[in-house]
Number of protein chains: 2
Amino acid sequence: MATRTRRSQRRTEALSRDRIVEAAVELLDTAGEGGLTFRALTERLATGPGAIYWHVANKDELLDAATDAVVAAALAADSPRAEPSARVESSARAEPSTRGESAEPAESAESAKSPDSPQDKIRAIAFGLFDAMADHPWLPTQLALQLSRSPWGSVTPQIFENIGRQVRALGVPEGHWFTAASALVHYILGAAGQNAANNASARALAPDVDRAEFLDAASQAWEDLDPDDYPFIRAVAAQVREHDDREQFLAGIDLVLTGITALHLSGEQGGTTPSAT
Amino acid sequence: MATRTRRSQRRTEALSRDRIVEAAVELLDTAGEGGLTFRALTERLATGPGAIYWHVANKDELLDAATDAVVAAALAADSPRAEPSARVESSARAEPSTRGESAEPAESAESAKSPDSPQDKIRAIAFGLFDAMADHPWLPTQLALQLSRSPWGSVTPQIFENIGRQVRALGVPEGHWFTAASALVHYILGAAGQNAANNASARALAPDVDRAEFLDAASQAWEDLDPDDYPFIRAVAAQVREHDDREQFLAGIDLVLTGITALHLSGEQGGTTPSAT
DNA sequence: CTCCATGATGGAACGTCGCTCCAGTCATGT
DNA sequence: ACATGACTGGAGCGACGTTCCATCATGGAG
């Protein structure tokens, strides 16, 4: 990689791996998951397959790189040492939500009120990924694929590291680091992904229809399930209809955070089963 | 639907959707994710594409059906008392925990103690899926895909319902049902999937090499990361090397369970300001 | 018993995909 | 000036998912 020699403009601009990945992301954003084709890519970059394959091994690597780039941007947006430039987009959207009201996070740990408590940073990371998935509908699928195919790729460690640092900052004993970080990462990725999938489907099915109508239809479909086979889902359908996405997402994070703090505060000596007290 | 008329044996046995799905599962198991091809399927069933497309709309539906079948089998294995053999294996392997001390020791599957607390049932469901993923390496990917693509498909409600019932049985107030069930489902699917992916990769890279060697290499790769960029991952690499999969998985479940119970116990008693006890 | 509408089948073929091959182009070091 | 090697892009290959359609077996109507 890299001698980065300033080529002349053989075309408008020299081809580079970054340019390819950038084009891939744009293609995914505009044309959907199936829209990323080497043929479409060659046309968009005004080149041939050979040129692309010189910079990228295969399509999987290209998808990984695209995922990596988007995730890195999302994480950098709220990470301490990063450009605050990209921050605006993410946090601006994070604010006008119905967030602060009813969701009173579980601050079972001592003092969770400081502006930059580990809890808050974890929430910031989570919402950064949450928003990135909203901006790039293909991201949840790709993230899930990469997580379940090569967990030690470049993307997973990034997320794991960012979450893990805050877990450490929470005062969790080292023996629980992996468990706590895993629980957080998997919930965040899973819940954010599923939420993004909901929105994506809502948009796909009826681009103009209000989102409420879609949720209405979805929960209606759930309520129409066989009462004998799906009593729980039917019962939950109502609250799914009314829930606010971000609030619900936050509630789940706080649930896991509660578990983390409760576990290591009270149960340093065991008692993993929280059953009857 | 269908009148299920007993056709004669035009071939050895009449073609049916079930037979197709069954063949698809076997094909996935033996040839891997990429091994399921309509051409391979036609050859295996001694038929043509048209016959298959008569029973199945497209490949995605076939994959959904295969996932559905395997998940249903995994979930059904726990609810009624199915094979106790698999159960014993699960809990027996989960037992040599370095952490299980006082609180609730008796996890043996035999009737004793609290025979089937909601917690135990949740663990049983989780390990059922855990084992199913071990048996079918393609399942985690497919499950993740389906979860992030069409969350209201047939598979997700199944899992959600099974977990949800136990959440309800835990005494969680209705307002927290969705949050609690979501946290559990996403952790279980995510963690089990990632673990299965680890095993699958270990097998793929070196079928004969001992699993410990692979974990060694994997955690070594993590330790070789840049200490400045990945301090946390480096720190947990060591414990990843030594961890027992099922134990780690169980620890995460208990963490979420702790969060669930702590949240609703404190939430019911007082306001939202519980100091952990 | 015959006949045919229909459910069901499987072979051929189409369009597109990821990817490879290779002849070519251009900046650069000598 | 020219050989070199990084880099390009067009042609084409094999495989895939899917469609089309001619064909077959069956069971109800006559």
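Here the structure is a predicted model, which means the values were calculated and not measured.
When the nearest nucleotides of DNA chain C are assigned to A/P49 and A/G34 by heavy-atom distance, the more 5′-ward of the two goes with A/G34. Position along DNA chain D of the nearest nucleotide to B/G50 versus B/L36 favours B/L36 as the more 5'-ward residue.
One can place CG of A/L41 at 12 Å from P of C/dC17, the figure rounded to the nearest angstrom. Per the geometry, CD1 belonging to B/I20 stands 11 Å off P belonging to C/dA8, to the nearest Å. What separates CD1 of A/I52 from P of D/dT8 is a distance of 10 Å, to the nearest Å. Note: OH (B/Y53) to C1' (C/dA12) measures 15 Å, nearest angstrom. For B/L62 and D/dC16, the CG to P distance is 15 Å, given to the nearest whole Å. Spacing between atom CZ of A/R19 and atom P of D/dC7 amounts to 14 Å, rounded to whole angstrom units. As rounded to whole Å, 15 Å separates atom P of D/dC20 from atom CG of B/N58. Rounded to an integer number of Å, the gap from B/E43 CD to D/dC16 P is 11 Å.
In the model, A/Q146 has no side-chain atom that pairs as donor or acceptor with a side-chain atom of A/D68 under 3.5 Å. If you check the side chains of A/Q158 and A/N162, you find no donor sitting under 3.5 Å from an acceptor.
Checking the phosphate oxygens (OP1, OP2) of D/dT8, a side-chain nitrogen or oxygen of A/H55 falls inside 4.0 Å.
For B/K59, the listed nucleotide lying nearest its side chain is D/dC16; candidates were D/dC16, C/dT20, C/dG11. Looking at the side chain of B/T37, the nearest of the listed nucleotides C/dG18, D/dG17, D/dT19 is D/dG17. Considering only the side chain of B/W54, C/dT9 comes nearest among D/dT19, C/dT9, D/dC16. Here the side chain of A/R39 is nearest to one of C/dT9, D/dC13, C/dA13, namely D/dC13.
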Steps toward side chain to side chain donor-acceptor pair (under 3.5 Å) verdict (A/Q194, A/N198):
CA-CA 6 Å; A/Q194 179 158 0; A/N198 279 345; 5.3 Å; no
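The residue A/F38 sits close only to the backbone: its heavy atoms come under 4.0 Å of sugar-phosphate atoms, none of a base.
No more than 12 heavy atoms of other residues, nucleotides or ligands sit less than 6.0 Å from atom CD of A/E43.
Using bins of under 30°, 30° to 60° and over 60° for the plane-to-plane angle, the ring pair A/F249/A/Y187 lands in the parallel bin.
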